[in-house]
Number of protein chains: 2
Amino acid sequence: MSLTERPTPRLADVARAAGVSLATASRALAGREGVSARMADHVRAVAARLGYVPNAHARALASGGASIVGLVVHDVADPYFAEISRGVLRVAAEHGLLVLINQSEREPGTELARIRELRANRVGAIVLAGSGYTDAGAERQKAAELVAFRETGGRVALVGRHHVPVDAVLPDNRAGGATAARHLLELGHRRVAVVAGPARLTTVADRLEGAAAELSAAGAEVVVEHDDFSREGGAAATARVLARRPDTTALLALTDVMAIGALSVLREAGRAVPAELSVVGFDDIPVAADLAPALTTVRLPMAEMGAMALELTLRTPAARPRRKRTTHTLIPRASTAAPSHLGA
Amino acid sequence: MSLTERPTPRLADVARAAGVSLATASRALAGREGVSARMADHVRAVAARLGYVPNAHARALASGGASIVGLVVHDVADPYFAEISRGVLRVAAEHGLLVLINQSEREPGTELARIRELRANRVGAIVLAGSGYTDAGAERQKAAELVAFRETGGRVALVGRHHVPVDAVLPDNRAGGATAARHLLELGHRRVAVVAGPARLTTVADRLEGAAAELSAAGAEVVVEHDDFSREGGAAATARVLARRPDTTALLALTDVMAIGALSVLREAGRAVPAELSVVGFDDIPVAADLAPALTTVRLPMAEMGAMALELTLRTPAARPRRKRTTHTLIPRASTAAPSHLGA
DNA sequence: ACCGTAGCGGAAAGCGCTTGCGAGATGACC
DNA sequence: GGTCATCTCGCAAGCGCTTTCCGCTACGGT
């Protein structure tokens, strides 16, 4: 190998080259007081000349605690989580924090493993985004891990409803589901299908509950099809809806990503949206406005949710878990209209 | 504060509780040889009972090197980078690596700062995704930082063309640009506008060069409008194209995200796509097929690019930088057609 | 000119873990 | 039954940095 492996300069090298002690060098570089400005400048200049990069592990070990936070999402490429991540990264950058990112792949086991890795890395805080699970067993293990982390000085914030007694940002899922349903009802729809994600996710349970309550209160017929929280899942669920209840006049997809799948199936099936079938989504991901037709949806402040979660972990810990509720907004676009027999 | 801050159990606690020495406990938990299976099981059981989580910093310090890799992207919420990130995370998970993610915000200065932070954290490898800069000064600083990192034992891989002598995954930008242009030419377009990102990015330069070369060789008129690499940038550039050259028959957007902005402006302007104006994008981000109309584009294997980059860093270092070129594929969809005077 | 005070710099003790080396124990072989 | 090879385990020395505790210097006050 022609690669010359040169040892990284250490603080001691900087100190020696600058003609000062370790303590002085450390203080100078950390910008701590107790060193004259002149001296500090000198040390910094020497460090720069040597290409010194402090060893964050040594620093973390000696001072106890690194400036790293952990982020766990279901899937980074899902626009919902991408937006949340962006919010988290923005706040992290503002505070000089580094972000260790993880995907849980929507698997409770994987999620648990990721949390442990984060703990091992002594991150200062963990932001767990994505839905909780309706399975009490999985939630209990996660809760134990997270509580242990907090008890050893870590900070935790969740995005979404989990059965864990820690700070959380709660998206307005139930009310959002109700709002979406009401929109369809007001347009005159009475045969509505819900294209839902996996029943074991609390996000799905909440949105569905809000929608179903509203719809049945109005005496509408409701069918629900569960599938993956993905474009393909949305497509598959929609195909089943079409087969099972061809007279459905409106589709309520519990995420925009699923709505995208729904729209594609409807397009292929030659069912005009919204003329024959209305479609409403959830989240308002960035592309929702650019779909064909533009998607009516319930907007959640995704990036802010991520930002708020990280900010929660930065505040002084509270004795009782804090809950921050978000708002939601119906964004009416071209994908919803009155059912055709009314329009006619 | 009612939060009971309990100290994290240390390896010494586990060793004592298990009745073994530190060395044995360490080896047992690391799964290293030199410890009988019986003993190792016992130690692991005790560790689990105590809720022991090894301190990754101490481990990194003692063993020199953490199992963390750094990833720098321009913007996590941009679908292009989200896909690359997914590829990186997949490979990282397969190898038990943690990923420290960073956004450079398309700022050379920020990018540099992020690389330094990654270095400070003694990551084993850095994957730098996103375009290089045509500004030689910025590239030089980045190169210095990256080369220094490599010389001190770090591994680096880039995605995209940078003026840095390290391993890289090179997307087929130039040829892809040519392919997109040829598609338009074959349809009969002769007045083409390129909706381009910032000129200082090598990605833009390469795609544009490939397209322009092909177009001018065919004697087509070409206008280029630069703007941000975003939906809004694409919209603004398109608006300018419309004002400057109303007789343009085809738009070549250098990324799908910009194409989305272009489509929205065209829709608002009442210009039918592809009847009046054809639009072709670049990347084939997941939603490209679901736009209105479905976007013709040049597909790049984004997730694989991320995966390949990380895998490059995992291989034994080579004396000379390795370059992996990707393929590209034209994905014809509904947004392109022959210009109207031909169709008529 | 003397003493008090403040402020700066140096020595050293860890932070929690890995690991090379050597001691002790165990079994094999003659 | 003795000797040697083979394992298993423990000791102790760091990894690079922070931080406390002191001692020293250089001032200003009187």
Below 4.0 angstrom, N of the basic side chain to O of the carboxylate: do B:Arg315 and B:Glu311 qualify?
no
Grab the CG-C1' distance between A:Leu29 and D:dC17 for me, whole Å please.
11 Å
Taking donor-acceptor contacts at under 3.5 Å, does the side chain of B:Arg10 reach the base of C:dG14?
no
Using modelled atom types and a 3.5 Å cut-off, is there a donor and acceptor pairing between side-chain atoms of A:Arg150 and backbone atoms of A:Pro165?
yes
According to a strict under-4.0 Å criterion, is B:Ser21 in side-chain N/O contact with OP1 or OP2 of D:dC11?
no
From CZ of B:Arg16 over to P of D:dC11, roughly how many Å is that when rounded to an integer?
13 Å
B:Asp13 CG to C:dG16 P, straight-line distance once rounded to whole Å:
9 Å
So what does B:Arg32 hit on the nucleic acid, given a heavy-atom distance under 4.0 Å: a base, only sugar-phosphate, or nothing?
sugar-phosphate
Considering only side-chain heavy atoms of B:Tyr52, which listed nucleotide, C:dG10, C:dC17, D:dG16, is closest?
C:dC17
Does A:Ser26 reach a base, just sugar-phosphate, or nothing at all? Heavy atoms under 4.0 Å.
base
Value in whole Å for how far the C1' atom of D:dG16 lies from CG of A:Leu61
9 Å
Quick check: on DNA chain D, is the nucleotide nearest B:Ala25 upstream (toward 5') of the one nearest A:Ala25, or the reverse? Name the residue that is more 5'.
B:Ala25
With a 4.0 Å cut-off on N to O distance, would you call B:Lys142 and B:Glu139 a salt bridge?
yes
So, is A:Ser63 close to the D:dT18 phosphate, meaning a side-chain N or O under 4.0 Å from OP1 or OP2?
no
Heavy atoms from C-beta onward define the side chain here; which of C:dC15, D:dC15, D:dC9 lies closest to that of B:Thr24?
D:dC9
When B:Val53 and B:Arg27 are each assigned the nearest nucleotide of DNA chain C, the 5'-most assignment goes to B:Val53
A:Met39 CE - C:dC8 C1' separation (whole Å):
11 Å
Rounded distance in Å - NE2 (B:His42) to P (D:dT8)
17 Å
Over how many whole Å does the gap from B:Asn121 atom CG to D:dC17 atom C1' extend?
14 Å
I want to verify a distance call: between D:dT18, D:dT8, C:dC17, whose nearest atom is closest to the A:Arg59 side chain?
D:dT18
Exam field: side chain A:Asn121 to backbone A:Glu117, donor-acceptor pair closer than 3.5 Å:
yes
Within 6.0 Å of CZ in A:Arg323, more than 12 heavy atoms from elsewhere:
yes
Whole angstrom is fine here: how far is it from CG in B:Leu22 over to P in C:dG16?
11 Å
